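Working notes for the structure below.
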Amino acid sequence: ILPSPLLDLLGVFVLLHVITSINDIKQRIKTQKENHSTIGFVPTMGALHEGHLGLIRQARKENDTVVVSIFVNPLQFGKNEDFKHYPRTFDNDCKLISQEGVDIVFKPDASEMYPDEFCTSVILEHLEDKLCGKSRPGHFRGVAVVVLKLLNLIKPDIAYFGQKDFQQTVVIKRLVSDLHVDVTIKVLPTIRDQDGLALSSRNAYLSETEKKDAPCLYMALTKARAMVNTGIKNTEEIVQEMGKIVSQCKSGMIDYISVVDPETLESVPKVRSGDVALLAVRIGKTRLIDNVILMLLMALSWFRLC
Ligand code: AMP
């Protein structure tokens, strides 16, 4: 008789179909397509939390087959970033995923995704060097390459992403549109802790004191929303007030605070409905990002009327 944790694990693996090779995932997807099964896809780097699970649940509702990828993509990490230390919790991820009725987990090795001869890059001019791209050069090229590879392999009908990584969603939508990738991209709202902190695998790095400071990102975004609600549209004023809130938290170091157009990511001088307030802040050594979509009150009342 096997000890029950091992049985649990075996059970999980049998039900889940963990696929690690490119050939196997291609074969499996081919079979699904032959069966006219619709495919929902959730790409992740693992260390799963309720934010990821929200995407998976939506995919489960809307598709016959759900594929989740778990791949900590070396290409999107800079030299001095946290690739080595990024949380890897595969056994727990499998437990969580299996409770959501996921059909396939794709978990390739880096050598499977990027063999020695690999040399292709995907450049998104005007989008990749703004906001997070300024302090993370090459990050969005890495994201674009891996997402395009995964979309080519999984061939999903719908792929699900979180609004928390707003710039990433803009890059991916642009990529899919520019290169005519046949997939629908769905972006779901950010899932937060009770104190407003956006869930993130990187929150695991925060010390107890830093955890208390971290909600300052959402507090600043809430201030931006409140200012817009009182009719303030001047983004300089809004950014300044947001900065004051973040500066009050001891361990916080602002990387950027900006209000931008949701497609071009260009800063806007005056808020229009649909513009996005974003910020990146280092809390201690941990770089956190967050954003909210701003709506002018008139547009909000119109939405409510509809
Ligand atoms: P990651 O594993 O961090 O690469 O994230 C995988 C997907 O989950 C991305 O589309 C993220 O935007 C999304 N995601 C991460 N955190 C959250 C969150 N708090 N709420 C909603 N989606 C999230």
Side-chain angles (χ1 to χ4, degrees), residues 40-62 66-78 81-83 85-90 92-94 96-97 100 102 105-108 110 113 131-132 136 139-151 154 156 158-176 183-206 211 214-215 217-218 221 262 276 278-281 283 286-293:
F41 174 46
V42 183
T44 81
M45 297 205 296
L48 302 184
H49 50 67
E50 279 296 317
H52 298 111
L53 297 182
L55 303 183
I56 291 171
R57 284 175 198 137
Q58 192 67 25
R60 182 65 289 166
K61 269 191 215 157
E62 297 178 344
V66 176
V67 182
V68 173
S69 64
I70 297 181
F71 180 59
V72 185
N73 174 32
L75 233 56
Q76 70 189 67
F77 287 79
E81 292 185 353
D82 57 341
F83 175 69
H85 301 110
Y86 195 84
R88 289 161 172 88
T89 58
F90 185 59
N92 193 52
D93 290 347
C94 283
L96 293 174
I97 284 175
E100 303 300 337
V102 168
V105 175
F106 180 48
K107 185 186 178 291
M113 291 293 271
L131 303 169
C132 286
R136 304 191 70 188
H139 170 69
F140 289 107
R141 288 187 192 190
V143 169
V145 166
V146 80
V147 170
L148 187 55
K149 277 169 78 75
L150 290 168
L151 292 177
I154 313 290
I158 312 176
Y160 297 82
F161 295 87
Q163 189 197 311
K164 196 202 81 117
D165 297 275
F166 187 82
Q167 187 171 7
Q168 173 171 279
T169 65
V170 175
V171 161
I172 289 164
K173 283 188 206 161
R174 185 80 267 143
L175 166 84
V176 160
V183 62
T184 299
I185 301 295
K186 285 204 177 175
V187 177
L188 302 192
T190 303
I191 307 294
R192 303 176 179 284
D193 266 339
Q194 276 186 344
D195 57 12
L197 176 64
L199 298 190
S200 161
S201 308
R202 288 192 169 98
N203 292 354
Y205 298 147
L206 298 171
K211 263 185 209 152
L217 278 85
Y218 188 59
L221 292 166
V276 186
L278 311 94
L279 75 174
V281 177
I283 302 287
T286 309
R287 188 175 176 282
L288 300 179
I289 56 172
D290 202 350
N291 67 84
V292 295
I293 297 170

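Order of listing sets the numbers, starting from 1, for every ligand and every atom in it. Every value quoted in this text rests on a predicted model; they were computed, and no experiment measured them. The basis for the numbers below is simple: all heavy atoms, side chains too, and nothing from hydrogens, waters or symmetry mates.
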- [ ] Return the option from Met45, Glu50, His49, His52 holding the heavy atom at the smallest distance from atom 4 (O) of ligand 1.
- [x] Met45
Task: Interfacing atoms of ligand 1 (cut-off 4.0 Å, heavy-atom, Phe161) - done: 10 (O)
- [ ] Quick one: closest heavy-atom pair of Ala214 and Leu206, and the distance?
- [x] CB-CD1, 3.9 Å
TODO: Could you find the nearest protein heavy atom to atom 6 (C) of ligand 1 and give me its residue, atom name and distance?
DONE: Pro43 O, 3.3 Å
- [ ] Kindly identify the option in Ala47, Ala198, Pro189, Gly54 whose heavy atom sits closest to atom 21 (C) of ligand 1.
- [x] Pro189
Task: atom 20 (N) of ligand 1: the protein heavy-atom neighbour that sits closest, reported with distance to 0.1 Å - done: Ile191 N, 2.9 Å
Task: Ionic contact status for Arg192 with Asp290, cut-off 4.0 Å - done: yes
Open item on the list: Check whether Gln167 reaches the backbone of Cys132 with its side chain - one donor and one acceptor, N or O, closer than 3.5 Å.
Closed with: yes
TODO: Output yes when a side-chain donor or acceptor of Asn291 lies under 3.5 Å from a complementary backbone atom of Val276, and no otherwise.
DONE: no
Open item on the list: Looking at non-hydrogen atoms alone, which of Leu48, Val147, Thr190, Leu55 comes nearest to atom 13 (C) of ligand 1?
Closed with: Leu55
Task: atom 22 (N) of ligand 1: the protein heavy-atom neighbour that sits closest, reported with distance to 0.1 Å - done: Gly162 CA, 3.4 Å
Task: Expected output: side-chain Asp82 to main-chain Pro87 donor-acceptor under 3.5 Å - done: no
- [ ] Provide the number and element of each atom of ligand 1 under 4.0 Å from a heavy atom of Thr44.
- [x] 2 (O), 6 (C)
Open item on the list: I need the single residue from Lys186, Glu62, Gln58, Arg57 that forms a side-chain hydrogen bond (donor to acceptor under 3.5 Å, both in side chains) with Tyr160. Which is it?
Closed with: Glu62
Task: Nearest-neighbour protein heavy atom for atom 12 (O) of ligand 1, which is reported as residue plus atom name and distance - done: Asp165 OD2, 2.6 Å
Task: For Leu199, the ligand 1 atoms whose distance to one of its heavy atoms is below 4.0 Å - done: 16 (N), 17 (C), 18 (C), 19 (N)
TODO: Using the side-chain contact (heavy atoms from CB on, under 4.5 Å) rule, take Leu197 and Leu217 through it: C-alpha gap first, then chi angles, then the decisive distance, then the call.
DONE: CA-CA 7 Å; Leu197 176 64; Leu217 278 85; 5.6 Å; no
